[in-house]
Amino acid sequence: MNARVLNAVSGRLSLRPPQAESLLHLVRALTAAPTLLGHERDLSSILATLKAEFPTLEDFERDFPSLCFALATGVGKTRLMGAFITYLHLAHGINNFFVLAPNLTIYNKLIADFTRNTRKYVFKGIAEFSQQPPLIITGDNYDQSGAAIDDQPRGFANDVRINIFNISKINSEVRGGKEPRIKRMKEVLGDSYFNYLANLPDLVLLMDESHRYRAGAGVRSINDLKPLFGLELTATPFVEAGSGKTVPFKNVVMDYPLSRAMEDGFVKEPAVVTQRNFDSKAHTPEEVEKTKLEDGVRLHETTKVELLTYARENDVKIVKPFMLVIARDTTHAGQLFALLESSAFYEGRYSGKVIQVDSSRSGAEEEEMISRLLAVESVDEPTEIVIHVNMLKEGWDVTNLYTIVPLRAANARTLIEQSIGRGLRLPYGKRTGNEAVDRLNIVAHDKFQEIIDEANRSDSPIRLKQIILDAPSSEDKKVSVQISSGAMTLLGLADTPTMPTRTEGLNSDNGSDHDDSPIPMFATDAERSAALVVMQVIAKYEVNRELAPTSSALLKPEIQREILAEVTERLKPTQGSLITEDVQFDLASVVTKTTEIVVQHTIDIPRIAVVPTGEVTTGFYPFTLNVGQLNLQPGEREIVGQMLRTNKQFTLASDIGLKETRLENYVVHALVDFDDIDYFSHADLLYDLAGQAVSHFRAKGYSDDEMHNVLATHRRLIAREIHAQMVAHFWEHATSYEVQVSRGFTELRSCNYTATAGHTAHHFRETVVETSRIKQMLFCGFERCLYPLQKFDSDTERRFCIILERDALKWFKPAKGQFQIFYKLGTEQPEYVPDFVAETNSTIYMVETKASGDINTHEVQAKASSAARWCRHASDHAIEVGSKPWKYLLVRHDEVVESKRLSDYLRFEVIAT
């Protein structure tokens, strides 16, 4: 197993845990059956070997070894294909790949994603491909690109060649007994291009949406390509067998189903929505349809404001949601389009905001239609409602679909499976914790209970658990571990972590597991009790920088005498002294040794606060409210929704029973609930902003009754949006500001970790194969770390600690509250906790390691700016007391390699402005 390359690929491509786990499964397969990499092999022998490795594997189902990776929609299968190709090239020198797409949409998407400098380039972060990217050969250019690859001198030609073809086109070209075009004899490299590929010694086949490649003459011809092996990717590892029955794949080696993706937070949470006490039998089909559309739009507009407010509150990109309407047929789609664009639907407010997509178009019209559809993610694109007829399936990877209104007859299971697939992707790549931002709404008044019942079935895709590849361990239960500083542990004043350590030959003579715990300094309970009193006395000096501006000041003879005197006083016999005739020890020695250990295990972290002085006033500047996205629609009916996985309910209805005499009061009464808004100080501004919102709805033609309805129902949501905009106009005036240093050094806070009971701690130099699980692991074996055990959020952090163990005098990973650095102004001030603090002979470093793609994000830069200012103030204090200056380093993850010295990262210093 090439663990170095595996970790490098996972880290550089920032693979999600299920992607990293899939890559590991490929590596396990190649390790168990190395003959996969050669053409001289026994297929049955390879299958037997891999069946022992993967209990779910029964058969390859093809004429060559083929392994299926079943990952839920939205997890990132294309990115995983890039990881497969990168690993196979770097670890095994494989240069030729054949990628199959099931249709034109995915074919074009794959070409874009494998092409450098595109938005979703799958090899971003792979240095080996930066100068010489893979050559992309497609079904449209292979006559030219394929013929040219061997005309170039070796060393100048692209090492990696990726062939991308559309299987539907191959299938269409074999009708009537014809050979596919790529299999016809042509003057390409002296033979047909197909035969050229079949004769390559290292061709690997990758199949996107592989459930589409289980039949057809074109697919059978793929066997003649004679690849080394195939890698299949799909979200649906089964084929339809008629009468609603399915036949599961027999070659699955990795199964990450929708239920697990939901639990892990990689996709939205689907919810089914209806009206409170809705009876579909009491309405005509046309009335049910119109009601579902109206309520769908009400949800859509609410979600639009939720997304906008979330973006403002968290300084992230704005996401424009849209609503998808599923029509019965093209005629029905046309009727829906006419209704939604007409004045009969919410006074014509959606005219020009609806597009119709149906399967009656083909060729250039289809391509134009798809290109317009893909623009629906753009904030500047006006489309808010998309109508389609059973067409938008694989390959349509939008992240801003939030509301689905199915109007085609279907059973509950089909509604779940077909409806949610296109809307599960998260716009921010991960859950936000905001329920509205993380939820996909399916409006199904007439099928509400059926969908709830179906979702709660044990075999529902919402509930269905993954195929178990590894037997669960009875020991895999979590325990809480509190890790005190190394000083407390060495003095015997804190419990030594009970988790045994695993060194596996890295720092032991026999390579066996053993307890690597430090030997306590003091052997007797009396000495340890005295040391505890010493620590209590030292704490008095810590909080008073006048007594001890640095930790090393504790070693001055005069302070040592003061500490000894106070400890002696506290241990007098009249107070239950431990110094009795039966227990004798050198108290002065305990004081000296305890203090020395404290100083050795301390990095001087001052307690810094920037405080206003004199008279301080706060408020908000007047401003023009941005109301462009406030298009909330009236509705007397209460909407109720239920999450399919958790069964949690939510409602959309008026939250007050009184009708305000003044429309602005709805919003003002909600605004004064915010802690930073004082009514008496801000009344004029609040009524001005509320008045702007009311004027906006009036200008859109809302009647008084409609405005009362909208403002009563959505007053808190409107207030949140207004408050989010107010924060950007917050001001604070003070006579002056002063930097106050209340402590010269601070005690290291205890770290609280969650670990797996019964598992050993790993030596920090041990290569982590399954990097996706590194957050669950504890590490040990440190000589210069101020804690005996540490936990890392990424393998990059583990590798950086190796550099610190070599180049720093001492280092540690801070716990929350250690620095109290805040990186946002206004009412909400989240705390920033840096990755590392390290001290050298001349400098103290605060270090953050970050994925290169995240370096320039607003949040990372805001944290860096606040940390750099803190370091500047700490350095000013250091000059006063003769201590070491501080520097803040923001290090790219792909720069963390052991060949570098800590000083090499000085070029990543962030200077305070």
Side-chain angles (χ1 to χ4, degrees), residues 273 275-278 283 287 290-306 308-309 323 339-354 382 384-385 403 436 443 622-640 650-674 677 679 682-726:
V273 177
Q275 281 182 22
R276 182 76 69 187
N277 300 319
F278 185 82
H283 302 274
E287 289 173 337
K290 190 169 186 289
T291 299
K292 289 169 68 175
L293 289 170
E294 289 174 346
D295 289 346
V297 165
R298 289 174 62 194
L299 271 171
H300 161 70
E301 292 295 352
T302 302
T303 302
K304 185 163 50 171
V305 180
E306 291 276 9
L308 180 65
T309 304
M323 183 173 90
L339 170 64
L340 295 171
E341 288 265 335
S342 72
S343 59
F345 190 80
Y346 285 121
E347 309 299 328
R349 294 170 193 144
Y350 292 89
S351 177
K353 299 181 179 180
V354 186
E384 295 195 42
I385 302 175
T403 306
V443 181
F623 64 96
T624 300
L625 194 65
N626 185 340
V627 292
Q629 298 299 316
L630 287 178
N631 297 306
L632 299 160
Q633 301 299 343
E636 297 296 335
R637 304 173 297 264
E638 180 182 2
I639 290 177
V640 59
F650 60 94
T651 62
L652 178 61
S654 174
D655 62 352
I656 59 175
L658 298 176
K659 186 174 182 178
E660 297 282 1
T661 57
R662 183 179 178 183
L663 288 168
E664 288 85 350
N665 287 345
Y666 289 110
V667 179
V668 172
H669 290 167
L671 280 169
V672 296
D673 287 340
F674 288 93
I677 294 179
Y679 175 79
H682 303 123
D684 291 342
L685 175 62
L686 298 183
Y687 273 100
D688 173 63
L689 296 173
Q692 292 183 48
V694 170
S695 297
H696 165 71
F697 289 113
R698 282 195 191 279
K700 296 182 77 67
Y702 287 49
S703 67
D704 280 352
D705 286 342
E706 286 180 321
M707 284 197 292
H708 276 286
N709 179 279
V710 167
L711 294 171
T713 301
H714 301 291
R715 66 190 190 98
R716 296 189 186 280
L717 180 59
I718 295 171
R720 266 190 62 218
E721 169 57 18
I722 293 175
H723 180 260
Q725 296 187 42
M726 290 175 67

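All of these numbers come straight from a predicted model, not from anything done at the bench.
- Partners of His682 under the ring-ring contact (aromatic ring centres under 6.0 Å, His included) rule, at least two apart in sequence or in another chain, are Phe620.
- Here Phe623 pairs with His729 under the ring-ring contact (aromatic ring centres under 6.0 Å, His included) rule; sequence neighbours left out.
- No side-chain heavy atom of Arg716 sits less than 4.5 Å from a side-chain heavy atom of Val667.
- With contacts defined as side-chain heavy-atom distances shorter than 4.5 Å, the pair Gln633/Val710 does not qualify.
- For Asp704, the side-chain hydrogen bond (donor to acceptor under 3.5 Å, both in side chains) partners are Arg698, not counting sequence neighbours.
- Taking CG from Leu299 and CZ from Phe650, the interatomic distance works out to 6.0 Å, rounded to the nearest 0.5 Å.
- The two residues Ile718 and Leu711 come nearest to each other via the heavy atoms CD1-CD2, 3.7 Å.
- Inter-residue side-chain proximity for Val273 and Asp295 is flagged as unmet; no heavy-atom pair is nearer than 4.5 Å.
- Contact check on Lys290 versus Glu287 returns no salt bridge, with no Lys/Arg side-chain nitrogen under 4.0 Å from an Asp/Glu carboxylate oxygen.
- The salt bridge (Lys or Arg N to Asp or Glu O under 4.0 Å) pairs that include a residue from residues 705-714 are Arg349-Glu706, Lys659-Asp705, where partners are two or more places apart or lie in different chains.
- Taking the side chain to side chain contact (heavy atoms under 4.5 Å, CB included) definition, one finds that Thr661 meets it with Asn665, sequence neighbours left out.
- Between His723 and Phe674, the angle of the ring planes stays under 30°, which puts this pair in the parallel group of the 30/60° scheme.
- In terms of modelled atom types and a separation under 3.5 Å, the side chain of Glu341 and the main chain of Gly352 share a donor-acceptor contact.
- Tyr679 is linked by a ring-ring contact (aromatic ring centres under 6.0 Å, His included) to nothing, counting only residues two or more places apart in sequence or in another chain.
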Verdict with reasoning, Gln275 to Thr291, per side chain to side chain contact (heavy atoms under 4.5 Å, CB included): CA-CA 9 Å; Gln275 281 182 22; Thr291 299; 2.8 Å; yes

Side chain to side chain contact (heavy atoms under 4.5 Å, CB included) between Leu717 and Leu632, worked out: CA-CA 10 Å; Leu717 180 59; Leu632 299 160; 4.3 Å; yes

Derivation of the side chain to side chain contact (heavy atoms under 4.5 Å, CB included) call for Glu638 and Asn277: CA-CA 9 Å; Glu638 180 182 2; Asn277 300 319; over 6 Å; no

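- For Tyr350, the ring-ring contact (aromatic ring centres under 6.0 Å, His included) test picks out no residue, with sequence neighbours left out.
- Side chains of Glu660 and His669: a donor-acceptor N/O pair is present below 3.5 angstrom, by distance only.
- For Asn626, the side-chain hydrogen bond (donor to acceptor under 3.5 Å, both in side chains) test picks out no residue, with sequence neighbours left out.
- Residues Arg298 and Glu294 are not paired through a salt bridge, judged by the lack of any N-O separation under 4.0 Å between the basic side chain and the carboxylate.
- Between Ala724 and Thr309 the shortest heavy-atom distance is CB-CG2, 4.0 Å.
- Take Glu347 and apply the side-chain hydrogen bond (donor to acceptor under 3.5 Å, both in side chains) test, not counting sequence neighbours, and it matches no residue.
- Partners of Lys292 by side-chain hydrogen bond (donor to acceptor under 3.5 Å, both in side chains), not counting sequence neighbours, listed by chain and number: Asp446.
- When side chains are defined from C-beta on, Glu384 counts as touching Glu301, because their heavy atoms get closer than 4.5 Å.
- The ring of His714 has its center no closer than 6.0 angstrom to the ring center of Tyr666.
- No side-chain heavy atom of Thr651 sits under 4.5 Å from any side-chain heavy atom of Ile639.
- Applying the side chain to side chain contact (heavy atoms under 4.5 Å, CB included) test to His696 and every residue at least two apart in sequence or in another chain returns Val627, Leu630, Asn631, Lys700.
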Verdict with supporting geometry, Ile385 and Val297, side chain to side chain contact (heavy atoms under 4.5 Å, CB included): CA-CA 9 Å; Ile385 302 175; Val297 165; 4.2 Å; yes

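- The environment of CG in Asp673 is crowded: more than 12 heavy-atom neighbours from other residues, nucleotides or ligands sit within 6.0 Å.
- Between the CG atom in Leu293 and the CE atom in Met323 there is a gap of 5.5 Å [rounded to 0.5 Å].
- To the nearest 0.5 angstrom, Glu306 atom CD is 10.5 Å from Leu308 atom CG.
- Listed by chain and number, the residues in a side chain to side chain contact (heavy atoms under 4.5 Å, CB included) with Gln692 are Thr624, Leu625, Asp688, Leu689 (sequence neighbours excluded).
- Counting heavy atoms from C-beta outward, Val354 and Phe345 have side chains that stay 4.5 Å or more apart.
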